[in-house]
Amino acid sequence: MIKIKPADKPLRGTIKVPPDKSISHRAIIFSALFNSAVEVFNCLDAADVRSTIGCMQALGADIQRDGDSLLVKGNALRQSATPLDAGNSGTTARLLTGLLAAQPFQSTIIGDASLSKRPMARVINPLKKMGADISARDDNFLPINIKPAKLHGIDYCLPVPSAQLKSALLFAALFADGKTTIAEPIPARDHTELMLAAFNANITRAGNSITLDPSAKLSAPDKIFVPADFSSAAFFIVLAAIIPDSLLTIEDVGVNPTRTGLLDVLRAMGANITLSNLRTQAGEPRADLTVAYAPLHAAELTADIIPRLIDEIPILAVAAAFAEGTSRFRDLAELRVKESDRLAAIVEQFNRIAPGAFRAEGDTLFIQGQCPTRFADCHSLGDHRIAMALTVFATAAHGAAIENQACVDISFPNFFDYFC
Ligand code: S3P
């Protein structure tokens with residue numbers, strides 16, 4: 001349990017947040033496919049990424065940490081002697097399912113109790129269409145067993161806007177016969193596509209369709225730079241946006257437009273956020289973000305923006321609790337299959353701080369802004385983003401005691417240093 005105190009002064013100054021989790025996973029997996037050494041600068045050191053490192057080492061890669069960098073050198077992938085443990089990481093489990101479906105050896109992927117409840121059929125079904133030989137508990141859950149198979153390219157329209165699904169198919173497509181085309185009606189984060197391009201893959205986009213031709217010869221860059229994680233910065237962006245008189249800069253944050261829906265929504269709510277020092281490395285834009293406190297008003301969200309802020313819904317709900325008026329976030333079905341049922345978690349836990357402010361109807365969340373708040377006993381439900389959003393909420397309200405706070409180690413191990 002951790003006790004969070006209410007803020008007694010505005011947030012002022014400059015901070016850094018940890019490296020991007022999505023890009024770190026991808027940098028490790030891609031680099032491990034090549035036998036030339038790749039230095040992944042500023043690679044996240046947190047539990048989810050350690051799960052990916054453990055799996056790739058079990059598959060034969062040589063991976064060592066050197067301060068903030070990771071040195072990755074692949075040997076031809078080989079069968080793991082033990083099941084591959086994805087821990088709590090959906091990205092590890094799903095991306096590796098795609099990669100391993102196309103390998104000439106058998107693999108088993110397992111995970112913790114939370115990950116073992118998350119749906120995998122969305123990845124398994126299209127991989128089977130490519131010729132994969134995969135079985136899973138109840139056809140949908142870990143453990144997943146993968147047998148060797150030769151895959152062929154497919155044309156596939158994503159039924160859910162999921163970057164993990166898209167990436168799993170792209171990893172499989174790299175080893176398939178013929179081209180694969182993936183249509184995504186609502187675009188999700190494109191880190192895999194950008195990294196494939198950085199490894200010289202023949203990947204093209206036409207509108208919302210991506211085509212990968214696996215016949216091009218790939219080569220690894222010797223360095224990959226990982227920016228700070230926008231999804232970790234999000235907690236401080238909102239904190240500065242809701243504590244009066246705050247003026248906070250967060251340095252060198254990834255601002256890939258497929259990730260920054262939160263900025264668009266907060267600005268539409270009245271927030272004062274500026275980007276400076278904008279630059280791009282391997283297609284990934286990064287910038288310093290400065291947030292100055294300004295009064296907020298309510299927001300409306302619909303399906304088209306959800307993938308661009310999928311991990312920021314809990315913290316955006318906190319911002320809405322400080323805004324004038326009632327916010328309505330629609331089309332949140334995907335929130336129910338994250339590290340927790342985040343829609344239920346928001347209603348159950350956030351209402352402890354602002355009783356009656358949060359209400360779900362189907363997949364829509366209603367947030368009544370500026371309701372009275374109080375000190376509360378809360379629970380993270382083992383979900384890192386719920387723990388961090390509760391911390392921000394409590395800091396801007398009257399404090400809280402939060403149970404099971406250690407789950408922040410998934411993405412932001414030193415998160416509480418900023419609050420104690
Ligand atoms: C991720 C994609 C998203 C996101 C997750 C990381 C990724 O999941 O919620 O935290 O790295 O590809 P979905 O693909 O399930 O939406």
Side-chain angles (χ1 to χ4, degrees), residues 17 20-23 90-91 158 160-167 184-194 205 207-208 227-242 250 253-275 278 280 283-291 294 296-323 327-339 342-343 346 363-367 369 384-386 388-389 392 411-412:
V17 296
D20 190 281
K21 183 156 80 71
S22 290
I23 300 176
T91 307
L158 299 181
V160 274
S162 159
Q164 292 176 355
L165 164 54
K166 173 173 63 171
S167 303
E184 44 173 0
I186 310 178
R189 65 190 67 188
D190 65 358
H191 304 304
T192 302
E193 297 92 299
L194 293 173
R205 178 177 275 275
N208 282 346
D229 197 324
F230 183 84
S231 296
S232 296
F235 298 101
F236 295 95
I237 296 172
V238 169
L239 194 58
I242 58 180
I250 311 164
V253 182
V255 288
N256 180 319
T258 62
R259 294 283 299 279
T260 53
L262 176 78
L263 295 184
D264 300 352
V265 176
L266 284 176
R267 282 174 169 152
M269 293 169 79
N272 180 347
I273 305 171
T274 48
L275 268 60
L278 189 64
T280 297
E284 293 284 358
R286 50 213 281 165
D288 299 342
L289 295 177
T290 299
V291 188
L296 302 180
H297 49 83
E300 283 273 334
L301 301 188
T302 48
D304 49 322
I305 197 166
I306 301 300
R308 293 183 55 232
L309 43 67
I310 185 69
D311 291 338
E312 283 68 68
I313 299 288
I315 193 61
L316 190 54
V318 172
F322 288 86
S327 292
R328 184 164 55 162
F329 299 177
R330 294 202 233 187
D331 304 311
L332 298 183
E334 275 297 295
L335 239 59
R336 296 200 182 274
V337 290
K338 293 295 177 190
E339 287 84 332
R342 284 190 180 151
L343 193 47
I346 289 170
D363 295 330
T364 301
L365 176 66
F366 295 88
I367 304 144
H384 57 137
R385 299 201 199 279
I386 295 298
M388 293 188 277
V392 168
S411 60
F412 200 154

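None of Val265, Thr364, Ile346, Leu316 except one satisfies the side-chain contact (heavy atoms from CB on, under 4.5 Å) rule with Phe329; the exception is Leu316.
In this structure the side chain of Leu289 reaches within 4.5 angstrom of the side chain of Phe230, judged on heavy atoms. In this structure, the side chains of Ile250 and Val17 come closer than 4.5 Å at one or more pairs of heavy atoms. Using a 4.5 Å heavy-atom cutoff, the side chains of Asp20 and Asn256 are not in contact. No side-chain heavy atom of Glu312 sits less than 4.5 Å from a side-chain heavy atom of Val238. Residues Ile23 and Leu194 have side chains not in contact (no heavy-atom distance under 4.5 Å, counting atoms from C-beta outward). Contact check for Ile310 versus Lys338: side-chain heavy atoms found under the 4.5 Å cut-off. Asp264 places a side-chain heavy atom less than 4.5 Å from the side chain of Arg308. When side chains are defined from C-beta on, Pro161 does not count as touching Ile306, because their heavy atoms never get closer than 4.5 Å.
Taking every heavy atom of both residues into account, Gly270 and Leu296 meet most closely at C-CD2, 4.0 Å. Shown here for Leu332 and Leu365, the closest heavy-atom pair between the two residues is CD1-CB, 3.7 Å. In this structure, Pro185 and Asn208 approach most closely via the heavy-atom pair O-ND2, 3.3 Å. In terms of heavy atoms, Ile186 sits closest to Pro307 at CG2-CG, 3.6 Å. Ser231 and Ala234 get closest at one heavy-atom pair: O-CB, 3.6 Å. Annotation for Met388 and Ser411: closest pair CE-OG, 3.5 Å, computed over non-hydrogen atoms.
The pair Arg259-Glu284 does not count as a salt bridge, with every side-chain nitrogen at least 4.0 angstrom from each carboxylate oxygen. Taking 4.0 Å as the cut-off between side-chain N and carboxylate O, Asp311 and Arg189 count as a salt-bridged pair.
Counting only distance, with no hydrogens or angles, the side chain of Ser162 and the backbone of Leu165 share a donor-acceptor pair below 3.5 Å. A distance-only check finds a donor-acceptor pair linking the side chain of Lys166 to the backbone of Ala188 [under 3.5 Å]. Using a distance-only test at 3.5 Å, with no hydrogens or angles considered, no donor-acceptor pair links the side chain of Arg286 to the main chain of Ala228.
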Do Ile313 and Arg385 pass the side-chain contact (heavy atoms from CB on, under 4.5 Å) test, and can you show the C-alpha distance, the side-chain angles, and the key distance before you say yes or no?
CA-CA 9 Å; Ile313 299 288; Arg385 299 201 199 279; over 6 Å; no
Applying side-chain contact (heavy atoms from CB on, under 4.5 Å) to Asp363 and Asp331, what does each step give before you reach the verdict?
CA-CA 5 Å; Asp363 295 330; Asp331 304 311; 6.0 Å; no
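Using modelled atom types and a 3.5 Å distance limit, the side chains of Ser22 and His191 yield no donor-acceptor pair.
To the nearest 0.5 Å, the span separating CD on Glu184 from CD on Glu193 amounts to 6.0 Å. The CG atom of Leu335 lies 6.0 Å from the CG atom of Leu343; values are rounded to the nearest 0.5 Å. Taken from CZ in Arg330 to CD1 in Ile305, the straight-line distance is 14.0 Å, to the nearest 0.5 Å. Distance CZ/Arg267 to OG1/Thr274: 7.5 Å, rounded to 0.5 Å.
Residues passing the side-chain contact (heavy atoms from CB on, under 4.5 Å) test with Ala287, sequence neighbours excluded: Val255, Leu275, Leu278. Taking the side-chain contact (heavy atoms from CB on, under 4.5 Å) definition, one finds that Ala389 meets it with Phe235, Pro314, Ile315, Val318, Phe350, sequence neighbours left out.
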